[in-house]
*Asks:* 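Structure provided below as structure tokens; questions to follow.
Values in this document were obtained by computation on a predicted structure and should not be read as measured data. This chain uses plain numbering: 1 for the first residue, then up along the sequence. FYI, side chains are in, hydrogens and waters are out, and symmetry mates aren't considered; it's all heavy atoms of this structure.
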Amino acid sequence: MKPHATLAAVPRNKITRVRVYAPPAPNPLFNQSDLVVAVETSAGITGIGEGGSKEMLEQCAGRLIGQDPQYIERLWQDMSRAFFYPPGREKEHALGALDLALWDIRGKTLGLPVHALLGGMVRNYCECYNTAGVIPGVRAGMRIKERAQLTIAAGYRAFRMGAADAPANTTYNTRERLNQLYDDCVEARDGVGKNGDWCVDFHQRFDLDEAVRGCSLIEPLAPFFVEDPVRTEAFQEDLPILRRMAKVPIAAGEEWGNRWDFNKLVENHDIDFVRATLPNVGGITEMMKVAAICETHFVGIVPHFTGPIATAALVNSLGTFSGPVLMEYNFQGHTLPYLPVCLDFKDGRLYPNDRPGLGVEVDFKPLRQIAETTERVTNRAQTYFRPDGSITNW
């Protein structure tokens, strides 16, 4: 049987240059970085990624120069291990941005969307909830009930709100706010209706005893999930306790770095939804391992938003995950002039497409180049190899 012509025609290819660009109004929050990464190859194919910081991107990109981009897992392991210290969240964010670009190259090389390379879509679209997008009819000062009604009417799967939000940089009295939380959640339930879905983000504002009280107060209102009910630093200790004391679905982990941060919580069913996202978790390569852990234990994935290119990558990767998925979407009503082709969004849903790679096209003219890497980084980069050639720790 002859091999498929597309697969037989993969060209010999080397990574020649990595450039980093800032968009016109870059997100100042590091873990929501929307820096654009372009990985260029000798075959003339450029992969597009998103995220990271200049310094971390430069170090990780230095390990890619001269390498064949098709060996994505091997390149991931090298970027992760080459500098001895295990990568922290900042480095994994940059590593993940470059990983998105490598998958984009792979898809463009084969003329296939990334979701096809990962086994194909298992869903017709990805359901969404809104946080910062512009929903028709919603205006400042509107009651929660009305906002919830309009959100569901716009096609979103769920209405989402913060836990008794107050103006930033002011006093937040948690005991008083918990009472307000209940009243707000009553409105949310009324707004979405008996069978509608709503969720609330506790934003890690509460200590364990307060989180228990808050979850218990709103339990009769049947939230779709309560997000980040306690501090991230206390997840491993406090979430198992909360699970035993509260009977609401729990979503957690938008600040996590990799699968080792949460695998025990997933295995023990201490959470119902993982909030890991791209590129923060380490890119598509790591996300698919996260998805495998979640699938094994019937835990859903509700990825935190980052930038638009990373959102396109989420559709490609989590569209192939067989478990529950609900995506956070922030771009309705917003124009992104440097991304003439990016997301296929309609009526509260993100749709897959058949464009090669991540399905994203970039207009570099509005962007400002902030970094360029053309030389391989070898200074203090050290790895060992097992007898079979696979990378191990130095």
*Asks:* Does atom CZ (F385) have a neighbourhood of more than 12 heavy atoms from anything else shown, all under 6.0 Å?
*Replies:* yes
*Asks:* So, for R175 and R213, which heavy atoms are closest and what is the spacing to 0.1 Å?
*Replies:* O-NH1, 3.7 Å
*Asks:* With heavy-atom distances below 4.5 Å as the criterion, would you say the side chains of V230 and D207 are in contact?
*Replies:* no
*Asks:* Could you check whether any side-chain heavy atom of Q180 comes within less than 4.5 Å of a side-chain heavy atom of D184, counting everything from C-beta outward?
*Replies:* yes
*Asks:* Start with the C-alpha distance between L242 and I250, add both sets of side-chain angles, then the distance that settles side-chain contact (heavy atoms from CB on, under 4.5 Å), and finish with yes or no.
*Replies:* CA-CA 9 Å; L242 180 66; I250 296 172; 3.8 Å; yes
*Asks:* Using 4.0 Å as the upper bound for N to carboxylate O, is an ion pair formed by D344 and R355?
*Replies:* yes
*Asks:* Report yes or no: does N316 contribute a side-chain atom to a donor-acceptor pair with the main-chain N or O of A312 at less than 3.5 Å?
*Replies:* yes
*Asks:* Measure from the side-chain N and O atoms of T277 to the backbone N and O of P303, and report whether any donor-acceptor pair falls under 3.5 Å.
*Replies:* no
*Asks:* Is there a side-chain contact between V362 and L339, using heavy atoms and a 4.5 Å cut-off?
*Replies:* yes
*Asks:* With clusters defined by side-chain heavy atoms of hydrophobic residues (ILVMFWY) lying less than 4.5 Å apart, directly or transitively, does L35 cluster with M56?
*Replies:* no
*Asks:* Mark yes or no for whether E50, through its side chain, and I309, through its backbone, hold a donor-acceptor pair below 3.5 Å.
*Replies:* yes
*Asks:* Salt-bridged, E237 to R231, with N to O below 4.0 Å?
*Replies:* no
*Asks:* Can you spot which of D68, T374, V39 makes a side chain to side chain contact (heavy atoms under 4.5 Å, CB included) with I15?
*Replies:* V39
*Asks:* Any salt bridge linking E267 with K264? Criterion: basic side-chain nitrogen under 4.0 Å from a carboxylate oxygen.
*Replies:* yes
*Asks:* Look at the side-chain heavy atoms of Ile, Leu, Val, Met, Phe, Trp and Tyr, link any pair under 4.5 Å apart, and say whether Y129 and L278 land in one connected group.
*Replies:* no
*Asks:* Is L178 reachable from V248 through a run of I, L, V, M, F, W or Y residues, each pair having side-chain heavy atoms under 4.5 Å apart?
*Replies:* yes
*Asks:* Side-chain contact test, heavy atoms from C-beta onward, threshold under 4.5 Å: evaluate it for C126 versus L318 and give yes or no.
*Replies:* no
*Asks:* Are more than 12 heavy atoms, taken from residues, nucleotides or ligands other than Y338, located less than 6.0 Å from that residue's OH atom?
*Replies:* yes
*Asks:* Dump the intermediate steps for salt bridge (Lys or Arg N to Asp or Glu O under 4.0 Å) on D190 and K145, then the final yes or no.
*Replies:* CA-CA 6 Å; D190 288 344; K145 179 179 179 178; 5.0 Å; no
*Asks:* Answer with yes or no whether the side chains of E92 and N258 bring together a donor and an acceptor at under 3.5 Å.
*Replies:* yes
*Asks:* Taking D363 first and then K365, would you say they form a salt bridge - that is, a charged N and a carboxylate O separated by under 4.0 Å?
*Replies:* yes
*Asks:* Dump the intermediate steps for side-chain contact (heavy atoms from CB on, under 4.5 Å) on K346 and Y125, then the final yes or no.
*Replies:* CA-CA 10 Å; K346 183 180 179 181; Y125 48 79; over 6 Å; no
*Asks:* Under the side chain to side chain donor-acceptor pair (under 3.5 Å) rule, collect the residues that match up with Y21, sequence neighbours excluded.
*Replies:* R19
*Asks:* Using every non-hydrogen atom in the two residues, find where I144 and E187 come nearest and quote the distance to one decimal.
*Replies:* N-OE1, 3.4 Å
*Asks:* So that I can tick it off, tell me whether D78 and R74 are bridged by a salt bridge, with the cut-off set at under 4.0 angstrom between side-chain N and carboxylate O.
*Replies:* no
*Asks:* Strictly by modelled atom types, are T285 and W103 linked by a side-chain donor-acceptor pair under 3.5 Å?
*Replies:* yes
*Asks:* Going by an N to O cut-off under 4.0 Å, is there a salt bridge joining D228 and R275?
*Replies:* no
*Asks:* If you take the centroid of each ring, where Trp contributes its six-membered ring, are W256 and F262 closer together than 6.0 Å?
*Replies:* yes
*Asks:* Within the distance-only criterion (no hydrogens, no angle test), does the side chain of R205 pair as donor or acceptor with the backbone N or O of A163 below 3.5 angstrom?
*Replies:* yes
*Asks:* Ignoring hydrogens and angles, state whether a donor on the side chain of T46 or E40 is under 3.5 Å from an acceptor on the partner side chain.
*Replies:* no
*Asks:* Considering all heavy atoms of both residues, which atom of H115 and which atom of P352 are nearest to each other, and what is their separation?
*Replies:* NE2-CB, 4.1 Å
*Asks:* Does atom CD (E375) have a neighbourhood of more than 12 heavy atoms from anything else shown, all under 6.0 Å?
*Replies:* no
*Asks:* Measure centre to centre between the rings of Y329 and F331, then say whether the value is under 6.0 Å.
*Replies:* yes
*Asks:* Check whether any side-chain heavy atom of S53 lies under 4.5 Å from a side-chain heavy atom of F30, and answer yes or no.
*Replies:* yes
*Asks:* Take atom CG in N169; do more than 12 heavy atoms of anything else shown fall under 6.0 Å from it?
*Replies:* no
*Asks:* Side chain to side chain donor-acceptor pair (under 3.5 Å) between Q332 and Y156: does it pass, once the steps are laid out?
*Replies:* CA-CA 11 Å; Q332 180 171 348; Y156 289 92; 2.5 Å; yes
*Asks:* If you count every heavy atom of other residues, nucleotides or ligands that lies below 6.0 Å from M142 atom CE, does the total exceed 12?
*Replies:* yes
*Asks:* Dump the intermediate steps for side chain to side chain donor-acceptor pair (under 3.5 Å) on T373 and E58, then the final yes or no.
*Replies:* CA-CA 6 Å; T373 301; E58 286 176 327; 5.3 Å; no
*Asks:* Please find the pair of heavy atoms, one from A291 and one from I301, that lie closest to each other, and give the distance.
*Replies:* CA-CD1, 3.9 Å
*Asks:* Could you tell me whether the side chain of E286 and the main chain of G283 form a donor-acceptor pair under 3.5 Å?
*Replies:* no
*Asks:* Mind running side-chain contact (heavy atoms from CB on, under 4.5 Å) on V37 and V18 for me, showing each step along the way?
*Replies:* CA-CA 7 Å; V37 176; V18 178; 4.1 Å; yes
*Asks:* Is F202 linked to F273 within one hydrophobic cluster, defined over Ile, Leu, Val, Met, Phe, Trp and Tyr using a side-chain heavy-atom separation of less than 4.5 Å?
*Replies:* no
*Asks:* Taking the side chain from R106 and the backbone from Q70, do they hold a donor-acceptor pair closer than 3.5 Å?
*Replies:* no
*Asks:* I'd like to check L239 versus P229 (side-chain heavy atoms, cut-off strictly below 4.5 Å). Are they in contact?
*Replies:* yes
*Asks:* If you count every heavy atom of other residues, nucleotides or ligands that lies below 6.0 Å from R143 atom CZ, does the total exceed 12?
*Replies:* no
*Asks:* Between the side chain of D34 and the main-chain N/O of N27, is any donor-acceptor distance below 3.5 Å?
*Replies:* yes
*Asks:* Please determine whether residues V226 and F206 belong to a single hydrophobic cluster, defined as Ile, Leu, Val, Met, Phe, Trp and Tyr linked transitively by side-chain heavy-atom distances below 4.5 Å.
*Replies:* yes
*Asks:* Would you check if the side chain of T41 reaches a backbone N or O of I45 as a donor-acceptor pair within less than 3.5 Å?
*Replies:* yes
*Asks:* Please check this pair: side chain of R160 against backbone of V200, looking for a donor-acceptor N/O pair closer than 3.5 Å.
*Replies:* no
*Asks:* Is a donor on one side and an acceptor on the other found under 3.5 Å between the side chain of H334 and the backbone of V134?
*Replies:* no
*Asks:* Any chance CG of N379 has more than 12 other-residue heavy atoms, nucleotides or ligands included, within less than 6.0 Å?
*Replies:* no
*Asks:* Do T311 and M327 have side chains that approach each other closer than 4.5 Å (heavy atoms only, starting at C-beta)?
*Replies:* yes
*Asks:* Side chains of E55 and Q59: any donor to acceptor distance under 3.5 Å?
*Replies:* no
*Asks:* Taking the side chain as every heavy atom from C-beta outward, state whether L367 and P24 have any pair of such atoms under 4.5 Å apart.
*Replies:* yes
*Asks:* Picking from Q204, E254, H203, what satisfies side chain to side chain contact (heavy atoms under 4.5 Å, CB included) with E227?
*Replies:* E254
*Asks:* For the residue pair L102 and L64, what are the closest heavy atoms and their distance?
*Replies:* CD1-CD2, 4.4 Å
*Asks:* Using the rule given for side-chain contact (heavy atoms from CB on, under 4.5 Å), can you reason through T306 versus N280, listing the C-alpha separation, both sets of side-chain angles and the distance that settles it, and then say yes or no?
*Replies:* CA-CA 8 Å; T306 45; N280 310 46; 3.1 Å; yes
*Asks:* If I compare all heavy atoms of R376 with all of I65, which pair ends up nearest, and what's the gap?
*Replies:* CD-O, 3.7 Å
